[in-house]
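Data block below; observations after.
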Amino acid sequence: MKKRGFEVVSFYAREGVHIPERKTSGSSGYDLEAAENYVLAPHVITPIGTGLKAYMQDDGYLSIFIRSSLAFKKGLTLANNTGIIDSDYYNNPDNEGHISIGLYNTGNEPVFIKKGDRIAQGIFMKYLTCDDDCAEGERVGGIGSTGE
């Protein structure tokens, strides 16, 4: 049984998207790359497609963090500070679980992201639930599928 990992979504199957890997044995995060070229306009949020989806066990999630080099050197931040990819986002009917990363350009000049540039890191984590938890619903779509 597969526990956790990454797969390429079908739309990018022939586009040379790389499966993320840790760069050192002490790294906690898997480097996520841009699947295409992007221009990030100043003071605008731009969704960056990775061409990837993540699978994990039901009690897990994937945390997404900005790479510190993009924050310090290019003035980019994550639009939502930390991204959360839920286990039931995988293969959802809206977008197959495609992981997009919202980057915000804090600077006054455009920032260019090339296909293959490492833009974020993903860290697989587990979570706990309350004693009286009774969540029984099922995901019916992609981003924002459980409400605004």
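Remember, it's a predicted structure, so these values are computed and weren't measured experimentally.
Residues satisfying the ring pair (Phe, Tyr, Trp, His ring centres under 6.0 Å) test with Y12, not counting sequence neighbours, are H98.
The nearest pair of heavy atoms linking G29 to I123 is CA-CG1, 3.7 Å. The shortest heavy-atom contact between V17 and A35 is CG2-CB, 4.1 Å. Considering every non-hydrogen atom in both P110 and V39, the closest pair reads CB-CG1, 4.0 Å.
Within the structure, no pair that satisfies the side chain to side chain donor-acceptor pair (under 3.5 Å) test touches residues 75-85, not counting sequence neighbours.
A heavy-atom distance below 4.5 Å is found between the side chains of L62 and F6. The side-chain heavy atoms of R67 and D31, taken from C-beta on, include a pair separated by under 4.5 Å. E36 places none of its side-chain heavy atoms less than 4.5 Å from the side chain of K114. Inter-residue side-chain proximity for Y89 and N95 is flagged as met; some heavy-atom pair is nearer than 4.5 Å. In this structure, E15 and K115 have side chains that are in contact, with non-hydrogen atoms separated by less than 4.5 Å.
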Walk me through it: do R118 and K23 pass the test side-chain contact (heavy atoms from CB on, under 4.5 Å)?
CA-CA 12 Å; R118 293 176 294 158; K23 297 299 183 194; 3.8 Å; yes

Residues I113, N37; criterion side-chain contact (heavy atoms from CB on, under 4.5 Å); working and verdict
CA-CA 6 Å; I113 300 289; N37 296 326; over 6 Å; no

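For the atom pair CD1 of I64 and CD1 of I84, the computed distance is 8.5 Å after rounding to the nearest 0.5 Å. In this structure, CD1 in I101 is found 12.0 Å from CZ in F65, a value given to the nearest 0.5 Å. Remark: R4 CZ to Y30 OH distance equals 8.0 Å, nearest 0.5 Å. The structure places CE of M125 at 12.5 Å from CG of D59, a figure rounded to the nearest 0.5 Å. Interatomic distance, S63 OG to Q121 CD, rounded to the nearest 0.5 Å: 10.5 Å. For the atom pair OG1 of T106 and CG of L76, the computed distance is 7.0 Å after rounding to the nearest 0.5 Å.
Other residues, nucleotides and ligands place more than 12 heavy atoms under 6.0 Å from the NZ atom of K126. Counting heavy-atom neighbours within 6.0 Å of D133 CG, excluding the residue itself, gives a total above 12.
Under a hydrophobic-cluster definition in which Ile, Leu, Val, Met, Phe, Trp and Tyr are linked whenever side-chain heavy atoms come within less than 4.5 Å, directly or via other members, F112 and L32 are assigned to different clusters.
Counting only distance, with no hydrogens or angles, the side chain of R22 and the backbone of S27 share a donor-acceptor pair below 3.5 Å.
Between Y127 and Y61, the two ring planes are tilted [angle within 30° to 60°].
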Distance-only criterion, 3.5 Å: show the donor-acceptor pairs between side-chain atoms of residues 41-56 and protein atoms not counting sequence neighbours.
unit_1: H43; atom_1: ND1; unit_2: Y104; atom_2: OH; d: 3.4
unit_1: H43; atom_1: NE2; unit_2: G107; atom_2: O; d: 3.2
unit_1: H43; atom_1: NE2; unit_2: N108; atom_2: OD1; d: 2.8
unit_1: T50; atom_1: OG1; unit_2: L52; atom_2: N; d: 3.2
unit_1: T50; atom_1: OG1; unit_2: I99; atom_2: O; d: 2.7
unit_1: K53; atom_1: NZ; unit_2: N91; atom_2: OD1; d: 2.6
unit_1: K53; atom_1: NZ; unit_2: E96; atom_2: OE2; d: 2.9

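The residues K74 and E109 are annotated as not salt-bridged, no charged nitrogen and carboxylate oxygen being separated by less than 4.0 angstrom.
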